[in-house]
Amino acid sequence: MTPEDRMNLENAVQEKTDDGGNRWHKVYSGGGSHFRNWLDQIKEIYGEENVEIEEVNSNGLRCYTESGEKMYRIWAKQKK
């Protein structure tokens, strides 16, 4: 799988539903200092209780593999 294929797969992930039936939308995927900045801003906008972080497998993405950084998704709970 090429890095472009891997990123296309990641970009295709936009929503999820948890076990409680709550719908979440992805507002960011990435890592490093950008991740921390986005996380702080998203918590401020949505409220900490409406934000979830998920570590993502970054296999196939050289920048993460070589740097040892982890890749994350930030999810925000959709209001009913």
Side-chain angles (χ1 to χ4, degrees):
M1 179 178 296
T2 69
E4 291 81 12
D5 293 337
R6 179 66 183 86
M7 286 309 298
N8 287 335
L9 286 174
E10 178 59 33
N11 290 334
V13 176
Q14 294 298 314
E15 290 188 351
K16 71 176 185 171
T17 303
D18 65 21
D19 293 339
N22 298 303
R23 293 183 62 200
W24 297 77
H25 65 275
K26 183 173 75 174
V27 291
Y28 175 82
S29 63
S33 60
H34 295 290
F35 165 75
R36 178 57 51 195
N37 291 334
W38 274 90
L39 181 59
D40 291 343
Q41 290 177 48
I42 292 165
K43 283 181 177 180
E44 186 176 326
I45 293 167
Y46 290 93
E48 194 162 340
E49 67 280 1
N50 296 313
V51 176
E52 186 177 284
I53 302 164
E54 174 185 13
E55 187 174 334
V56 178
N57 182 340
S58 60
N59 287 345
L61 298 174
R62 185 184 209 173
C63 58
Y64 289 98
T65 305
E66 289 181 357
S67 70
E69 280 187 27
K70 295 183 178 186
M71 185 174 172
Y72 299 94
R73 291 179 186 143
I74 302 175
W75 296 96
K77 188 185 295 184
Q78 293 182 357
K79 296 183 181 187
K80 294 183 178 182

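Just so you know, these numbers use all the heavy atoms, side chains as well, and skip hydrogens, waters and symmetry mates.
A side chain to side chain contact (heavy atoms under 4.5 Å, CB included) with His25 is found for one member of Gln14, Lys77, Gln78, Lys16 and no other, namely Gln78.
Leu9 is listed as a side-chain neighbour of Met1, based on a closest heavy-atom distance under 4.5 Å. With a 4.5 Å cut-off on side-chain heavy atoms, Trp38 and Val27 do not count as touching. Under the 4.5 Å side-chain criterion, counting only non-hydrogen atoms from C-beta, Val13 is in contact with Trp75. Residues Arg36 and Leu39 are in side-chain contact: their nearest non-hydrogen atoms beyond the backbone lie under 4.5 Å apart. Side-chain contact between Lys26 and Glu10 is present, with at least one heavy-atom pair separated by less than 4.5 Å.
Residues Tyr28 and Tyr46 share a single hydrophobic cluster, defined by chaining ILVMFWY side chains whose heavy atoms lie under 4.5 Å apart. Hydrophobic clustering of Ile, Leu, Val, Met, Phe, Trp and Tyr side chains at less than 4.5 Å, counting indirect connections, unites Ile53 with Ile42.
Between Ser58 and Glu69, the closest heavy-atom pair is OG-O, 4.4 Å. Nearest heavy atoms, Asn59 versus Arg6: O-NE, 3.4 Å.
Counting heavy atoms of neighbouring residues, nucleotides and ligands inside a 6.0 Å radius, atom CD of Glu15 exceeds 12 of them.
Every residue meeting the side chain to side chain contact (heavy atoms under 4.5 Å, CB included) condition with Glu55, not counting sequence neighbours, appears here in chain and number order: Lys70, Tyr72.
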